[in-house]
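What follows is one structure encoded as structure tokens, with my remarks underneath.
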Amino acid sequence: MPTISTLWGTPASPEELLPKGDAEKTKEELEEDDEEELDETLSERLWGLTVMFPKRVQFSRAAVWIGNTSFMILVLPVVFETEKMQMEQQQQPRQILLRPNTGLSGGMQGALPSLPGKI
């Protein structure tokens, strides 16, 4: 029975199997690698990242964006206004109690006047 080394030829040395590190590259090769990396702008890199996602994920991303912006434009102003109205309604009774001279008059202003002759 033939061995693997005879079928495939001579086995490769570990130096041939491992990739060359940056330590073995010359200064010119390192500068060329740096120049190749700088050719791509940030926007191009981000656009390239969108290509790696499947269409389903891209559609989901667009749907989430539309949903969130619609919520912020249509619903949040209504929520803020109702909260503002509730705060104003809570402040109204406090303003009546804190009016000047309410403690001196013996009653609240605007209350029913006492009827003369009745006890």
Side-chain angles (χ1 to χ4, degrees):
M1 178 174 220
T3 62
I4 294 177
S5 62
T6 58
L7 289 176
W8 295 95
T10 60
S13 67
E15 290 82 20
E16 294 174 348
L17 293 175
L18 294 174
K20 291 183 179 180
D22 288 341
E24 295 179 7
K25 291 184 177 180
T26 64
K27 187 174 183 179
E28 292 83 22
E29 290 175 341
L30 289 174
E31 289 176 359
E32 288 176 10
D33 289 345
D34 290 341
E35 289 175 6
E36 290 174 6
E37 291 175 5
L38 296 177
D39 290 341
E40 185 178 41
T41 64
L42 180 63
S43 60
E44 290 172 341
R45 183 169 288 199
L46 291 175
W47 183 259
L49 288 174
T50 60
V51 176
M52 67 183 233
F53 294 110
K55 293 289 182 189
R56 180 176 172 198
V57 174
Q58 292 177 7
F59 174 77
S60 299
R61 184 189 65 186
V64 168
W65 174 262
I66 291 169
N68 284 337
T69 53
S70 298
F71 175 79
M72 284 190 251
I73 292 171
L74 299 173
V75 177
L76 280 181
V78 174
V79 170
F80 290 145
E81 286 299 318
T82 55
E83 184 71 24
K84 183 178 172 183
M85 287 176 44
Q86 289 176 354
M87 292 293 286
E88 288 174 355
Q89 288 175 355
Q90 290 175 356
Q91 293 292 329
Q92 194 173 18
R94 184 179 292 168
Q95 289 173 354
I96 291 173
L97 293 175
L98 296 179
R99 283 188 190 163
N101 300 327
T102 54
L104 299 176
S105 66
M108 289 179 35
Q109 293 179 350
L112 293 175
S114 59
L115 296 173
K118 298 277 184 170
I119 301 179

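If you're wondering where the values come from, they're calculated on a predicted model, not measured in any experiment.
- Rounded to the nearest 0.5 Å, atoms CD (Gln89) and CE (Met85) are 5.5 Å apart.
- Of the possible polar contacts, one joining the Thr50 side chain to the Trp47 backbone as a donor-acceptor pair under 3.5 Å is found.
- Put simply, the residue from Ile66, Asn68, Ile73 that forms a side-chain contact (heavy atoms from CB on, under 4.5 Å) with Ser70 is Ile66.
- In plain terms, the two heavy atoms of Thr82 and Val79 that are nearest each other are OG1-O, 2.8 Å.
- The hydrophobic cluster containing Val57, built from Ile/Leu/Val/Met/Phe/Trp/Tyr side-chain heavy atoms closer than 4.5 Å, also comprises Leu42, Leu46, Leu49, Met52, Phe53.
- If you chain together hydrophobic residues whose side chains sit under 4.5 Å apart, Val75 and Phe80 fall into the same group.
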